[in-house]
Amino acid sequence: MNYNFRAIEAKWRNYWAQKSTFKADNDSAKEKYYVLAMFPYPSGAGLHVGHPLGYIASDIYARYKRLKGFNVLQPMGYDSFGLPAEQYAIQTGQHPSVTTEANIARYRDQFDQLGFSYDWSREVRTSDPKYYKWTQWIFIQLFNSWYNKDKDRAEEIEELIRIFEEEGNSNINAACDEDVPVFSATEWNELNSKKQEEILLKYRLTYLADTEVNWCPELGTVLANDEVINGVSERGGYPVVRKKMTQWNMRITAYAQRLLDDLKEIDWPQSLKDAQTNWIGRSVGASVTFNTKPSGNSKTSYPIEVFTTRPDTIFGVSFMTLAPEHELVSKITTDAQKEEVETYIHSTSQRSERDRLADVKTITGAFTGAYVEHPFTKESIPIWIGDYVLAGYGTGAVMSVPSGDQRDYDFAKHFKIPIPNIFEGIDISKEAFADKELTIIANSEFLNGLNYKDATKRVISELEKIGQGIGKVNYRLRDAVFSRQRYWGEPFPVYYVDGMPRMIQEAFLPLKLPEVDKYLPTDTGEPPLGNATKWAWDSEHSKVVDNNLIDHVKVFPLELNTMPGWAGSSQYFNRYMDPENDKAIFSQEAIKYWQQVDLYIGGVEHATGHLLYSRFWQKFMFDKGLVPHKEYARKLINQGMILGTSAFVYREEGTNRLLSRGLIKGINVTPLHADVSLVNSSDELNIEAFKEWRPEFKEAEFILENGKYLVGREVEKMSKSKYNVVNPDAICEEYGADSLRMYEMFLGPLEQSKPWNTAGISGVYAFLKKLWRLYHSGPEGEFKVSEEPASKAALKSLHKTIKKVEEDIESFSFNTSVATFMICVNELLSQKCTSRSILEPLAIIISPYAPHIAEELWEKLGHTQSISTAIFPIFEADHLVESSKEYPVSFNGKMRFTIELPLDMGKEEIESAVMSHEKTKAQLQGRIPKKVIVVPGKIVNIVG
RNA sequence: GCUCGAGUGGUGGAAUUGGUAGACACGUUGGACUUAAAAUCCAAUGGCCAUUAUGGCCGUGCGGGUUCAAGUCCCGCCUCGAGUACCA
């Protein structure tokens, strides 16, 4: 009777499915525990061995918590809106839903194969209208809300309207657009409804605005900042340009401070918190207004507002710098400088974002001919423009203090602008001085002699007195653009009356995606939904009707953009709690029971995307009183990425010769990816198979070394295009899911990225076979356990293992518990232990890791109830562990011998026991030790 | 540049947080079983020296320091990786 993992795994996969073993109730006497792994985008390639890492880890934890008696919720679903399905649709004409459906089926098979204990009755799909109904619903709630900074929470827009009607907006402290005019109640009430609507839009948490966006012509869509990497799109690597478009935006900046503050109360990896902190980019300083001096043709004085983190250096200002795109540039430039400025603006706009980033060293700029007046000294300060000032950050203008900022310093040196020194005892002839801690201000009137902190405080109060500045906190975080010119995404529940957006009433949701005959933008450049013929809103009958009925009286145009990828993933974790609910996003009973995610596992690549947006929506939901927690995930673990090991062949340039890797030195070669399945474990290429795979090399000459063609190796991300993908199906076929699960955990620490290497899997496979043998000790290898009580040694092995495995799981060190199992099984085998009292608990503690084999053994032990549904408080067995311990005893730091002593001895008892021991006396030879160091449970050290 | 993280055998990685460095596994070598292969089992495996055994010295990127004791703590470097970047 051998370990037949195929039969065993098929049997239990079936059993769990039929009995709905992992269905979680929304009500239970047991304590709840919610384990969640980030749901995947179902791509056409299926899962590779890298994907399951996090899923295995969360499954082990979920199974462990069930054993401990928790009511565990572990759901799974699909983030099924997205670009690849749409791009496939563009190429083939096949509806994205068809592709998506097929991919999901494939994923489901693979999930089942790996034995994950998901509650599939709660599956969600973001592209399912029953699901995206609630994504649309949240959008409407955001539209109907504004952010009250005084109360630090989102409130109903009706409340804001009431205040406007009663007292205007002068007393309102809201997170809103910069350009909101101040108005009284009377003025408000006299506005027509369109004007009122325009103003309200500037307050809403989701709003329409002409935004400068990252436009990717190749993809035909707008990208969020986190989807653009080094000036090219994250997906596909296409160039991205800046472009103004009317877009939906999310006012995430309203929550910037809370997103920062609440990081303190969640147990997330520090590196991830750091990434979010940097991304939000809080900087404390002051907003200062400099007024331009009327000159030449410009009679008016314009205020220029700047943000600075160093208001204490205000007396060191020797010029102002505006971004070339700054709106005042054209107004203040003098005739004499006009040509130079326009030439400069033209040349910067020609430079792409990428060039600008790549070329930081070259200093460029132009003088506008205009001046501002220093708020204190009243001196004239020249205004320059320069592209080192970014239009998108702060106000797009800076007060330049060359002595205190290196970029200002370089700019001043380059254009021969004076560099006044305002620091006590500092030499600034070589570079700027930017150390806040060591700053003592000089040559600065009332700030002389003050340090950074005091000077900042003083100058802000002086600025406030003269009305030219105020203390301010600035964030790098921008509002998130929420429109995509795409088909395969959530439609906005929005139609337009007189150009202003209206929300479709909740009762008529979901607004389903219309059919289109092509998935590309329309001929007039509108998003793909512009191709739909039935895409207009009949407001009288509240339904979608044909476009040609649009009369702007009763039938109105619908929004043509769709929502971005992160919309559907920003509340899915709560929807799992009550996924079938048709009346609400989730019932209050459900959320009161499940509260929040206790453990969230996913990739670190979502740090500034999904993991930030979802926190924002959760806080909004909290403000609305819909969820009990400000944060949705109490603890988060980032699993590392499993990388592929690519193989390369080397073609000599200009020839059809392929050189083995040892022969390429000094020769010009092009490395080409070879499929890893054509290479054996000692890097030798199967040349015939390679020729078969790549017919263009049929005639190629292979230059061998020692009779072999060796490939080069490199660790890269696993991807189809690099031919380095290892598929879990093949591994499961050869070794079984339990082997794969254990091996992925054994590979190394969960949070670390590491290359996949199939070679070592034979070790865990051999272990599972040994485990099987432990329970099959009959003469023919048939199942046999003894009812004899266990030996002391066997008990010790078992209890050591239980203790270690529990510690490991609680600290997510799954790799070392696999090692512990191996030691335990080896010990039991060598002790020929067949005692039921050992083998029963062993099956239990192994079941989170290798659930199929554990179930099978459990059944053979005579249990009728599944190991996965019973509760075993076995993990609380540490009192059984050891009764004595061997203490290594060292003399003068060198280990000499060991002494066996009872465990419950205290420090002094151990000391005296050791000192009176024969071996110690022999070792000391009558010498009197200076010191005896005792670490209970560990070591005794005698210093002579 | 800034922020974070990591450097341990041929390889992946352990080390109870200051207490026998290299667990466990892969690989390699030798052996048993077998007609043979696979599978399985046993032994060796950081380096150097010694050997009949007992043993000795060195060793966790580099250089210092604290300590009876340092992979672990402190100071100064080096290298690699990740994120971010003209953020005022």
Side-chain angles (χ1 to χ4, degrees), chain A residues 2 229-230 269-279 281-283 285 306-311 313 321 323 356-357 359-363 386-390 392-401 404-408 410-411 434 474-477 604-605 607-608 640-641 681-682 742-743 746-749 751-764 766-767 769-770 773 803-804 807-808 811 813 815-823 826 829-830 886-898 929-935 937-944:
Chain A
N2 286 325
I229 292 166
N230 291 331
Q270 192 55 43
S271 59
L272 199 150
K273 290 185 181 182
D274 290 344
Q276 292 207 347
T277 305
N278 287 339
W279 190 259
R282 179 180 201 264
S283 41
V306 302
F307 174 75
T308 175
T309 54
R310 295 299 302 274
T313 63
T321 316
R356 262 173 85 161
L357 286 177
D359 181 21
V360 192
K361 299 243 152 44
T362 318
I363 295 160
D387 69 359
Y388 80 97
V389 177
L390 304 175
Y393 182 76
T395 59
V398 301
M399 59 175 226
S400 301
V401 183
D405 181 286
Q406 194 57 42
R407 287 155 307 164
D408 295 345
D410 295 340
F411 194 88
N474 206 44
Y475 298 94
R476 198 188 77 116
L477 184 71
V604 71
E605 65 273 19
T608 53
M641 207 189 305
S681 57
S682 32
M742 287 201 114
Y743 184 54
F746 187 58
L747 223 40
E751 306 193 56
Q752 188 176 305
S753 288
K754 54 233 156 189
W756 174 261
N757 169 16
T758 310
I761 198 170
S762 60
V764 287
F767 159 75
K769 284 194 280 193
K770 280 187 197 173
R773 213 178 320 130
K803 192 172 175 206
K804 176 82 173 117
E807 282 166 9
D808 284 346
S811 62
S813 315
N815 52 335
T816 48
S817 40
V818 178
T820 309
F821 287 135
M822 288 178 174
I823 296 167
N826 277 336
L829 275 176
S830 70
E886 285 201 343
Y887 286 79
V889 179
S890 70
F891 178 54
N892 276 354
K894 289 177 186 177
M895 220 278 287
R896 298 289 164 150
F897 52 91
T898 58
K930 268 197 229 156
K931 221 196 243 181
V932 179
I933 295 129
V934 174
V935 183
K938 286 177 186 169
I939 197 165
V940 180
N941 210 326
I942 302 166
V943 185

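In the text below, chain A, chain B and the rest are named by the order of the sequence lines, each starting its count at 1.
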Just how far, in rounded Å, is P of B:C87 from CG of A:Asp405?
-> 8 Å

Looking for any heavy atom pair under 4.0 Å, which part of the strands does A:Ser753 touch: base, sugar-phosphate only, or nothing?
-> nothing

For the atom pair OG1 (A:Thr820) and NZ (A:Lys803), what is the distance rounded to the nearest 0.5 Å?
-> 12.5 Å

To the nearest 0.5 Å, tell me how far A:Leu272 CG sits from A:Thr608 OG1.
-> 9.0 Å

Which whole-number value in Å describes the distance from A:Asn2 CG to B:U40 C1'?
-> 11 Å

By nearest nucleotide on RNA chain B, pick out whichever of A:Ala275 and A:Asp808 is the more 5' one.
-> A:Asp808

Under-4.0 Å side-chain N/O to phosphate OP1/OP2 contact, A:Arg407 with B:C87 = yes

What distance, rounded to whole Å, do you find between the two P atoms, one in B:U40 and one in B:C26?
-> 10 Å

Side chain of A:Ala766: nearest nucleotide among B:C4, B:U40, B:A88?
-> B:U40

Of the candidates B:A14, B:A23, B:U40, the side chain of A:Arg773 sits closest to B:U40

Rounding to the closest angstrom, what is the interatomic distance between B:U3 and B:G59 at atom C1'?
-> 34 Å

Syn or anti for B:U54, with syn set at within 90° of 0?
-> anti

If the C1' atom of B:G71 is compared with that of B:A14, how far apart are they to the nearest Å?
-> 12 Å

CD of A:Glu751 versus P of B:C4: gap in Å, rounded?
-> 18 Å

Check every strand shown and say whether A:Lys273 touches a base, only sugar-phosphate, or nothing at a heavy-atom separation below 4.0 Å.
-> nothing

Heavy-atom check, side chain of A:Arg773 versus side chain of A:Lys770, under 4.5 Å = yes

Taking A:Lys754 for its side chain and A:Pro749 for its backbone only, find out whether a donor-acceptor pair lies under 3.5 Å.
-> yes

To the nearest 0.5 Å, atom OG of A:Ser817 lies from atom CE of A:Met742 at 7.5 Å

Proximal nucleotide (of B:G13, B:A85, B:A88) relative to the A:Asn815 side chain = B:G13

Using a cut-off of less than 4.0 Å, is there contact between a side-chain N or O of A:Arg476 and OP1 or OP2 of B:A85?
-> yes

Give one of base, sugar-phosphate or nothing for A:Asn757, where a contact means two heavy atoms less than 4.0 Å apart.
-> nothing

Taking the inter-plane angle between the rings of A:Phe411 and A:Tyr388 on a 0 to 90° scale, is it parallel (under 30°), tilted (30 to 60°) or perpendicular (over 60°)?
-> tilted

If the P atom of B:G18 is compared with that of B:A25, how far apart are they to the nearest Å?
-> 28 Å

B:C80 versus B:C42 - spacing of their C1' atoms, nearest Å | 41 Å

Please state how far atom OH in A:Tyr743 lies from atom C1' in B:U11, giving the value in whole angstrom units.
-> 10 Å

CG of A:Leu747 versus C1' of B:G12: gap in Å, rounded?
-> 7 Å

Looking only at heavy atoms, what is the nearest atom pair of A:Met399 and A:Arg310, with distance?
-> CE-O, 3.7 Å

Starting at CE of A:Met742 and ending at C1' of B:G12, how long is that distance when rounded to a whole Å?
-> 17 Å

What is the nucleic acid contact for A:Asn826, judged by heavy atoms within less than 4.0 Å: base, sugar-phosphate only, or nothing?
-> sugar-phosphate

B:G13 phosphate, OP1 or OP2: any side-chain N/O from A:Gln752 under 4.0 angstrom?
-> yes

When rounded to the nearest 0.5 angstrom, what distance separates CG in A:Asn826 from CG in A:Leu829?
-> 6.5 Å

With RNA chain B as reference, determine whether A:Ala819 or A:Arg310 sits nearer its 5' end, using the nearest nucleotide of each.
-> A:Ala819

Can any side-chain N or O of A:Asp408 pair as donor or acceptor with the backbone N or O of A:Val401 at less than 3.5 Å?
-> yes

Looking only at side-chain N and O atoms, does A:Lys804 come under 4.0 Å of OP1 or OP2 in B:U16?
-> no

Using the P atom in both, what is the distance from B:C78 to B:A69, to the nearest Å?
-> 30 Å

Nucleotide nearest A:Met822 (side chain, heavy atoms from C-beta), chosen from B:C26, B:U40, B:C24 | B:C24

Any side-chain N or O of A:Thr816 under 4.0 Å from OP1/OP2 of B:G13?
-> no

So what does A:Glu807 touch, heavy atoms closer than 4.0 Å: a base, only the sugar-phosphate, or nothing?
-> nothing

In whole angstroms, how far is the P atom of B:U84 from the CH2 atom of A:Trp279?
-> 6 Å

When you measure from the side chain of A:Asp387, which nucleotide among B:C24, B:C86, B:C4 comes out closest?
-> B:C86

Between B:C87, B:C86, B:U3, which one does the side chain of A:Asp274 approach most closely?
-> B:U3

Distance check: side-chain N/O of A:Tyr393 vs OP1/OP2 of B:A88, anything under 4.0 Å?
-> yes

The glycosidic conformation of B:G13, counting syn as within 90° of 0 and anti otherwise, is anti

P gap between B:A15 and B:C33, integer Å = 40 Å

Interatomic distance, OH@A:Tyr743 vs CZ@A:Phe767, rounded to 0.5 Å, equals 15.5 Å

Looking for any heavy atom pair under 4.0 Å, which part of the strands does A:Pro749 touch: base, sugar-phosphate only, or nothing?
-> sugar-phosphate

If you measure from the P atom in B:G10 to the same atom in B:C62, how many Å do you get, rounded?
-> 14 Å

Checking B:A39, B:G13, B:U84 against the side chain of A:Lys754 (C-beta onward), the nearest is B:G13

Side chain to side chain contact (heavy atoms under 4.5 Å, CB included) evaluation trace for A:Asn815 with A:Val818 | CA-CA 6 Å; A:Asn815 52 335; A:Val818 178; over 6 Å; no

Any stem touching RNA chain B, meaning at least three consecutive Watson-Crick or G-U pairs under 3.5 Å, ordered by first number, would be B:1-7 with B:78-84, B:10-12 with B:24-26, B:27-32 with B:40-45, B:46-49 with B:55-58, B:61-65 with B:73-77

Which listed nucleotide (B:C41, B:G12, B:A88) is nearest to the side chain of A:Phe746?
-> B:G12

A:Asn278 CG to B:C4 C1', in whole Å, measures 9 Å

